[in-house]
Amino acid sequence: MAAPIFALVDCDHFYVSCERVFQPRLEARPVVVLSNNDGCIIARSQEAKALGLAMGDPYHLTRETLARHSVDIFSSNYALYGDMSRRVMETLAAQASEVEVYSIDEAFLNLAGLEWRGLTDYASHLQATVRRHTGIPVSIGIGPTKTLAKIANHLAKAHPDAGGVFEIAAVDVDHALAGVEVGDVWGIGRRWAAWLAGQGIHTARDLKHADPKAIRRKMTVVGERIVYELNGRSCLPLELVAPPRKGLTVSRSFGQPLTRLEPITEALLQFVGRAGEKLRRQRLMTEHVMVFVMTNRFSTTRPFYSQSATMRLPYPTDYTPDLLRAAVQLLERIYRPGFHYQKCGVMLMDLSPAAYHRRDLFNTRDQVRQSRLMCALDQLNADHGAHTVHFGNLGGSRPVWAMRQAFRSPRYTTNWKELPVVR
DNA sequence: TCTGGGGTCCTAGGACCC
DNA sequence: TCTGGGGTCCTAGGACCC
């Protein structure tokens with residue numbers, strides 16, 4: 001079998017590009033997208049990067065800069081981004097036979113067998129096709145390993161004259177790697193970059209020529225593999241089928257700090273309801289429920305408190321009332337009066353396919369009825385919008401714990417009431 | 001007032017078993 | 001005098017990713 005040739009297709013400032021598709025006036029302007037709760041900056045257009053705005057900058061600390069430069073600000077709109085991502089991935093799947101969806105805005109492809117077309121030409125064609133079908137700009141890096149394809153992608157973005165496509169094998173690899181900081185290598189985070197700098201390793205080229213065994217002693221087999229991958233020896237194969245997921249979390253910061261148990265319980269019930277939906281959509285069941293609460297870890301005036309509790313369920317389940325019961329008990333176990341809570345969440349662990357557990361002879365619950373009930377509930381919420389039917393008491397108006405979302409764009413592609421209007 | 005959310009993998013060390 | 005050794009499972013902690 002031919003050695004794989006990896007291409008990494010990465011959407012350019014993806015969330016900003018999604019907003020631009022529906023609001024062309026945003027082209028060539030500084031635009032940022034904020035995280036949930038309008039907490040910090042998680043996507044920046046090129047023009048916003050040029051203003052010195054960094055990934056992860058807290059919104060409340062950059063507010064003045066944003067205003068001074070008339071930066072367009074958006075709350076994150078995951079209904080929109082998720083749907084646009086699906087369109088991009090479908091376009092790629094139609095163009096290449098082996099595609100691994102790596103994240104909401106990235107995919108690895110195997111281009112082996114396409115050399116006769118010219119890899120760079122093929123990538124440019126792919127780039128144009130995605131743009132035409134979805135409106136989303138992408139950059140493509142090509143290399144003999146995933147790590148080198150990632151670096152090629154980084155170089156494609158760093159050198160605009162490359163046209164957004166870069167094939168590392170087409171240039172002097174060592175020379176190219178010498179221009180990449182070691183902290184920009186895939187898998188090297190802040191901690192390891194600092195340690196490597198202390199060892200005199202500053203660039204991707206330095207790391208490529210480091211002793212893999214010495215790297216392994218500090219950075220485990222993960223670091224060792226990075227060294228091999230930089231040398232063109234592929235250790236990370238394309239994963240064509242997604243491995244089964246191990247756990248599932250739903251958590252949010254509150255729009256304001258909460259002290260009383262009641263609103264925290266209300267928020268948690270919503271999160272559990274959402275977790276149940278996710279579980280059923282993926283046809284999974286859970287055996288462990290974990291609930292956690294925490295106060296603001298950045299506060300200098302109030303004490304920090306963070307606690308979690310776990311419960312093993314008597315049987316695997318995907319029935320929301322089972323989960324709600326467990327969650328309420330767990331929350332009561334860890335809630336302490338007197339703290340200003342900022343966030344809570346639920347984690348479902350030990351997931352397994354629901355198909356393994358249906359028709360459990362020793363289980364006397366009416367599983368058929370429960371399953372029909374959950375199906376009906378999920379269908380109603382899918383047809384009429386989330387929260388049409390829900391657990392707990394939202395009281396009609398906006399709950400006190402609702403997250404801040406001051407700048408959200410319409411859900412153009414997933415909500416009939418918010419379709420874009422062409423005038 | 002105001003700092004996201006959702007994941008993965010690896011290792012060391014302790015408990016336990018035979 | 002002398003106190004095994006190997007396997008498995010679990011958990012906590014630390015690192016990373018987008």
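Per chain, numbering begins at 1; letters A, B, ... match sequence-line order.
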Asker: Roughly how far apart, to the nearest Å, are C/dG4 and B/dC16 at atom C1'?
Answerer: 15 Å
Asker: Can we say A/K150 and A/E106 salt-bridge, meaning some charged N sits less than 4.0 Å from an Asp/Glu carboxylate O?
Answerer: yes
Asker: Counting heavy atoms not belonging to A/R86, are there more than 12 under 6.0 Å from its CZ?
Answerer: yes
Asker: What contact category does A/L248 fall into here, base, sugar-phosphate, or nothing, at under 4.0 angstrom with non-hydrogen atoms?
Answerer: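 Result for A/L248 = sugar-phosphate.
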Asker: Reckon A/Y102 touches a base, only the sugar-phosphate, or nothing at all at heavy-atom distances under 4.0 Å?
Answerer: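 Sugar-phosphate, no base atom in range.
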Asker: Verify the neighbour count for atom CD of A/Q282: are there more than 12 heavy atoms of other residues, nucleotides or ligands below 6.0 Å?
Answerer: yes
Asker: Is the distance from OP1 or OP2 of B/dG6 to the nearest side-chain N or O of A/S251 less than 4.0 Å?
Answerer: yes
Asker: Let's test your reading of the pairing rules: Watson-Crick or G-U wobble, both distances under 3.5 Å, then write DNA chain B as a dot-bracket string with ( ), [ ], | and dots.
Answerer: ....||||||||||||||
Asker: Check nucleotides 9-13 of chain B against the protein and report each pair of N or O atoms closer than 3.5 Å, with its distance, or say if there are none.
Answerer:
residue	atom	partner	partner atom	Å
B/dC9	OP2	A/K246	NZ	3.0
B/dC10	OP1	A/R225	NH2	3.0

Asker: Would you kindly give the OH-to-P distance between A/Y59 and B/dC2, to the nearest whole Å?
Answerer: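 Between P of B/dC2 and OH of A/Y59: 15 Å.
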Asker: If you round to the nearest 0.5 Å, how far is CD1 of A/I168 from OG1 of A/T145?
Answerer: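 Separation between the atoms: 8.0 Å.
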Asker: By nearest atom, which of the nucleotides B/dG4, C/dC18, B/dG6 is closest to the A/R252 side chain?
Answerer: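 In terms of side-chain proximity for A/R252, the closest of B/dG4, C/dC18, B/dG6 is B/dG6.
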Asker: Could you state the CD-C1' distance from A/E106 to C/dC17, rounded to the nearest angstrom?
Answerer: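 A/E106 atom CD is separated from C/dC17 atom C1' by 9 Å.
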Asker: Would you indicate whether A/K49, at its atom NZ, is surrounded by more than 12 heavy atoms from other residues, nucleotides or ligands within a distance under 6.0 Å?
Answerer: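 Enclosed: over 12 neighbouring heavy atoms sit under 6.0 Å from NZ of A/K49.
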Asker: Do A/S139 and A/D12 get their side chains close enough for a donor-acceptor pair, meaning under 3.5 Å?
Answerer: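 Looking only at side-chain atoms, A/D12 and A/S139 do form a donor-acceptor pair, the distance falling under 3.5 Å.
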Asker: Assess whether a salt bridge exists between A/E277 and A/R274, defined as any Lys/Arg side-chain N lying under 4.0 Å from an Asp/Glu carboxylate O.
Answerer: yes
Asker: Mind calculating the distance between CZ (A/R404) and P (B/dT1) to the nearest angstrom?
Answerer: 12 Å
Asker: For B/dG7, does either OP1 or OP2 sit under 4.0 Å from a side-chain N or O belonging to A/T249?
Answerer: yes
Asker: Between B/dC2, B/dG7, C/dC18, which one does the side chain of A/K278 approach most closely?
Answerer: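 It is B/dG7.
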Asker: Can you check the A/L236 CG to C/dC16 P distance for me, whole Å?
Answerer: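 My rounded result for the distance is 16 Å.
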Asker: Would you say a side-chain N or O of A/K343 is under 4.0 Å from OP1 or OP2 of B/dT3?
Answerer: no
Asker: Tell me: CE of A/M55 to C1' of C/dC17, nearest whole Å?
Answerer: 11 Å
Asker: Flag yes if more than 12 heavy atoms outside A/R190 fall under 6.0 Å of its CZ atom; otherwise flag no.
Answerer: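 No, the 6.0 Å shell around CZ holds no more than 12 heavy atoms from other groups.
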Asker: Rounded off to whole Å, could you give me the CE-to-P distance for the A/M294 and B/dG5 pair?
Answerer: 9 Å
Asker: Using the side-chain contact (heavy atoms from CB on, under 4.5 Å) rule, pick out the option among A/V272, A/T310, A/L330, A/V328 that qualifies with A/V291.
Answerer: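 When A/V272, A/T310, A/L330, A/V328 are each tested with A/V291, the side-chain contact (heavy atoms from CB on, under 4.5 Å) holds only for A/L330.
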Asker: With a 4.0 Å cut-off on heavy atoms, is A/K218 in touch with a base, just the backbone sugar-phosphate, or nothing at all?
Answerer: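 No contact.
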Asker: Ignoring backbone atoms, test whether A/Q342 places a side-chain nitrogen or oxygen under 4.0 Å from the OP1 or OP2 oxygen of B/dT3.
Answerer: yes
Asker: When we call it a touch if two heavy atoms are under 4.0 Å apart, what does A/D105 touch: a base, just sugar-phosphate, or nothing?
Answerer: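 It contacts sugar-phosphate atoms only.
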Asker: Whole angstrom is fine here: how far is it from CG in A/L34 over to P in B/dT3?
Answerer: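 The answer, rounded to whole Å, is 12 Å.
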Asker: At 4.0 Å (heavy atoms only), tell me whether A/Y78 reaches a base, stays on the sugar-phosphate, or touches nothing.
Answerer: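 If one applies the 4.0 Å heavy-atom cut-off, A/Y78 turns out to touch a base.
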Asker: Using a cut-off of 6.0 Å, state whether more than 12 heavy atoms not belonging to A/E262 lie near its atom CD.
Answerer: no
Asker: Measure CG/A/D184 against C1'/C/dC18 and give the value in whole Å, please.
Answerer: 15 Å
Asker: Which atom names give the shortest non-hydrogen contact between A/S76 and A/Q405, and what distance separates them?
Answerer: O-NE2, 3.7 Å
Asker: Could you check which residues of residues 186-211 of chain A get a heavy atom under 4.0 Å from DNA chain C? Sort them by number, please.
Answerer: A/W186, A/G187, A/I188, A/G189, A/R190, A/R191, A/W192
Asker: Answer yes or no: is there a donor N or O on one side and an acceptor on the other, between the side chain of A/N231 and the main chain of A/K208, under 3.5 Å?
Answerer: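 Indeed, once roles are kept as given, a pair shorter than 3.5 Å links the two residues.
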Asker: Which atoms form the tightest heavy-atom contact between A/G345 and A/F271, and what is the distance?
Answerer: CA-CD1, 4.3 Å
Asker: Specify the residue among A/R245 and A/P257 whose closest nucleotide of DNA chain B lies further upstream toward the 5′ end.
Answerer: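 Final value for this comparison: A/P257.
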